[in-house]
S.K.: 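Here it is, the structure in full.
Note that the structure is predicted; figures quoted are calculated from it, not measured. Residue numbers run from 1 in the order of the sequence given.
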Amino acid sequence: MVKLRHALVVRGGWEGHEPVAATDLFLPYLAEQGFSLTVEDSPAPYADPDLMAGVDLVVQCFTMGTITREQSTGLSRAVAAGTGFAGWHGGVVDSFRAEPDYLHLTGGQFACHPEAGGETFVPHRIEITGHDHPITKGIADFDLVTEQYWVLTDPYNTVLATTTHAAQGPWSRPVTVPAVWVREWGEGRVFVATPGHDLATLEHDSVRTLIERGLAWASR
């Protein structure tokens, strides 16, 4: 009998990112891929080493909020031991900002959406850079009208897609930042996509494909 892989879905925090509806969108896909599912509304399970040892993939959609050092350390150790970690938008890069170990694991942090005039939904392009990677292979550049994240990232990431903020306000030239990236963490893998503010964005064909492939790639 083939053993099912186990996915832990951690969702909650700021309700503006619709954490329940957003993660519900991907639960059928995970089930189709042969995962048993556990859904939690806090990062508390990260601190349970016995539970985390049996988790093959963590899908997180938890914006803002707090995490304890024990929980953060537990997550990082689980990923280093082979558990995959994946998420999108503020549910992964605007989470637990006060915990350095968590920021180190994810490799990026939301800084702002700095559009002039305070309008956060703006037309912008996602440009694929990792054309040979299994997550992005065959996906063309695409346009969105939604939040465009300006993120702070580190050079350990493998960047698969970028987005460019036009020159405006206090900066005098366009600024290109990562929009999709992956990183290997010990025996585990991390996947991050910055598009995904709302259900309409997550249901965009290219965004949804990127995330579904990212979940599959990250999993043990």
Side-chain angles (χ1 to χ4, degrees), residues 1-14 17 19-20 22-110 134-135 152-154 156-158 180-194 196 211-220:
M1 183 176 179
V2 178
K3 180 180 179 295
L4 291 176
R5 289 181 294 172
H6 185 199
L8 170 65
V9 179
V10 174
R11 62 192 189 184
W14 184 60
H17 285 154
V20 172
T23 49
D24 279 352
L25 192 64
F26 295 97
L27 297 186
Y29 170 79
L30 291 170
E32 289 167 5
Q33 297 302 305
F35 286 92
S36 63
L37 301 170
T38 298
V39 180
E40 299 286 350
D41 62 3
S42 87
Y46 296 162
D48 184 340
D50 293 333
L51 183 152
M52 294 301 292
V55 173
D56 300 294
L57 174 67
V58 174
V59 181
Q60 182 181 287
C61 183
F62 203 104
T63 305
M64 304 180 202
T66 59
I67 191 171
T68 67
R69 177 59 58 89
E70 183 182 21
Q71 292 162 0
S72 177
T73 299
L75 174 62
S76 185
R77 286 177 176 169
V79 176
T83 300
F85 183 64
W88 55 87
H89 201 63
V92 68
V93 294
D94 191 14
S95 312
F96 317 136
R97 287 187 174 213
E99 180 47 56
D101 286 349
Y102 175 80
L103 302 180
H104 192 201
L105 172 66
T106 58
Q109 178 179 333
F110 165 72
I135 293 175
L152 309 178
T153 58
D154 71 48
Y156 186 61
N157 293 331
T158 298
V180 179
W181 67 85
V182 294
R183 62 205 267 127
E184 297 187 2
W185 197 258
E187 298 299 316
R189 293 172 165 182
V190 176
F191 163 80
V192 174
T194 62
I211 292 174
E212 288 180 347
R213 290 181 181 179
L215 300 180
W217 178 87
S219 176
R220 192 196 313 268

S.K.: Check for a donor-acceptor pair, side chain of Thr153 on one end and backbone N or O of Gly107 on the other, with a separation under 3.5 Å.
M.R.: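 No.
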S.K.: Would you indicate whether the side-chain heavy atoms of Val79 and Leu105 approach each other to under 4.5 Å?
M.R.: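 Leu105 reaches Val79 side chain to side chain.
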S.K.: List the atom of Ala193, the atom of Ile211, and the distance in Å for their closest heavy-atom pair.
M.R.: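 Smallest heavy-atom distance, with atoms named: CB-CG1, 4.4 Å.
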S.K.: Check whether Tyr156 reaches the backbone of Glu184 with its side chain - one donor and one acceptor, N or O, closer than 3.5 Å.
M.R.: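 Between the backbone of Glu184 and the side chain of Tyr156 there is a qualifying donor-acceptor contact (under 3.5 Å).
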S.K.: Between Asn157 and Val192, is any pair of side-chain heavy atoms under 4.5 Å apart?
M.R.: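 Heavy-atom side-chain distance check fails, nothing below 4.5 Å.
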S.K.: What's the separation between atom CD1 in Ile135 and atom CZ in Arg213, rounded to the nearest 0.5 Å?
M.R.: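 Answer for the CD1-CZ pair, Ile135 versus Arg213, is 9.0 Å.
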S.K.: Considering residues at least two apart in sequence or located in another chain, which fulfil the ring-ring contact (aromatic ring centres under 6.0 Å, His included) criterion with Phe62?
M.R.: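 Scan of Phe62 (ring-ring contact (aromatic ring centres under 6.0 Å, His included), adjacent residues dropped) gives Phe96.
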S.K.: Looking at Thr68, is its backbone amide N or carbonyl O close enough to the side chain of Ser72 to form a donor-acceptor pair, meaning the two atoms are under 3.5 Å apart?
M.R.: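 Not at all, since once roles are kept as given, no pair shorter than 3.5 Å links the two residues.
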S.K.: So, do Tyr46 and Val58 sit near enough that their side-chain heavy atoms are less than 4.5 Å apart?
M.R.: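 When only atoms from C-beta onward are counted, Val58 and Tyr46 do touch, with a gap below 4.5 Å.
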S.K.: How far apart are the closest heavy atoms of Gly12 and Pro19, and which atoms are they?
M.R.: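 Gly12 and Pro19 have their closest heavy atoms at N-CB, 3.5 Å.
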S.K.: Let me see the working for Thr158 and Arg183 under side-chain hydrogen bond (donor to acceptor under 3.5 Å, both in side chains), right down to the final yes or no.
M.R.: CA-CA 6 Å; Thr158 298; Arg183 62 205 267 127; over 6 Å; no
S.K.: Verify side-chain contact (heavy atoms from CB on, under 4.5 Å) between Val59 and Val10, making sure each step is shown before the conclusion.
M.R.: CA-CA 6 Å; Val59 181; Val10 174; over 6 Å; no
S.K.: I'd like to know if the side chain of Arg97 and the backbone of Phe110 have a donor-acceptor N/O pair within less than 3.5 Å.
M.R.: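 Yes.
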S.K.: Within the 3.5 Å criterion, strictly below it, is a donor on Gln109 or Tyr102 matched to an acceptor on the partner's side chain?
M.R.: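 No donor-acceptor contact under 3.5 Å links the two side chains.
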S.K.: With rounding to the nearest 0.5 angstrom, report the CG to CD distance, Leu75 to Glu99.
M.R.: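 Taking CG in Leu75 and CD in Glu99, the distance rounds to 10.5 Å.
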S.K.: Quick check on Arg77: does its CZ atom have over 12 non-hydrogen neighbours (other residues, nucleotides or ligands) under 6.0 Å away?
M.R.: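 For Arg77, atom CZ is not crowded (no more than 12 foreign heavy atoms under 6.0 Å).
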S.K.: Can you give me the closest heavy-atom contact between Thr63 and Gly91, atom names plus distance?
M.R.: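 In terms of heavy atoms, the two residues are closest at OG1-N, 3.5 Å.
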S.K.: Any side-chain donor-acceptor pair under 3.5 Å between Trp185 and Ser76?
M.R.: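 Yes, because at least one side-chain N or O of Trp185 sits under 3.5 Å from a partner of the opposite role on Ser76.
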S.K.: Between atom SG of Cys61 and atom NE2 of His17, what is the distance when rounded to the nearest 0.5 Å?
M.R.: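 Cys61 atom SG to His17 atom NE2 measures 8.0 Å (nearest 0.5 Å).
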S.K.: Could you walk me through whether Leu57 and Leu8 satisfy the side-chain contact (heavy atoms from CB on, under 4.5 Å) test, starting with their C-alpha distance in whole Å, then the side-chain angles of each, then the deciding distance to 0.1 Å, before giving a yes or no?
M.R.: CA-CA 6 Å; Leu57 174 67; Leu8 170 65; over 6 Å; no
S.K.: Side-chain donor-acceptor contacts of residues 35-43 below 3.5 Å, not counting sequence neighbours, with atom names and distances?
M.R.:
from: Ser36; atom 1: OG; to: Arg5; atom 2: O; distance (Å): 3.4
from: Thr38; atom 1: OG1; to: His6; atom 2: NE2; distance (Å): 2.7
from: Ser42; atom 1: OG; to: Ala44; atom 2: N; distance (Å): 3.1

S.K.: Under 3.5 Å, is there a donor-acceptor pair between the side chain of Gln60 and the main chain of Arg11?
M.R.: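 Flag not set: sc Gln60 to bb Arg11 has no pair under 3.5 Å.
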S.K.: Can you tell which of Gln71, Glu70, Arg69 makes a side-chain contact (heavy atoms from CB on, under 4.5 Å) with Thr73?
M.R.: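 Passing option: Arg69.
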S.K.: Counting distance only, does the side-chain N/O of Ser219 pair as donor-acceptor with the main-chain N or O of Leu215 below 3.5 Å?
M.R.: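 No; zero donor-acceptor contacts below 3.5 Å.
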S.K.: Quick check: closest heavy atoms across Pro45 and Met52, and the distance to 0.1 Å?
M.R.: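 In this case the closest contact between Pro45 and Met52 is O-CG, 3.5 Å.
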S.K.: From His104 NE2 over to Asp101 CG, what is the distance, rounded to the nearest 0.5 angstrom?
M.R.: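 Reported value, rounded in 0.5 Å steps: 8.5 Å.
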S.K.: So do Asp94 and Met64 actually touch side chain to side chain, heavy atoms under 4.5 Å?
M.R.: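 They are in contact (side-chain heavy atoms under 4.5 Å apart), so the answer is yes.
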S.K.: Report yes or no: does Arg189 contribute a side-chain atom to a donor-acceptor pair with the main-chain N or O of Trp217 at less than 3.5 Å?
M.R.: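 Yes.
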S.K.: Evaluate the side-chain proximity of Thr194 to Trp88: yes if any heavy-atom separation is below 4.5 Å, no if none is.
M.R.: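 In short, these two side chains do not touch, never coming nearer than 4.5 Å.
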S.K.: Look only at the side chain of Trp181 and the backbone of Thr106, and say whether a donor-acceptor pair between them is shorter than 3.5 Å.
M.R.: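 The answer is yes, because a donor-acceptor pair under 3.5 Å joins these two groups.
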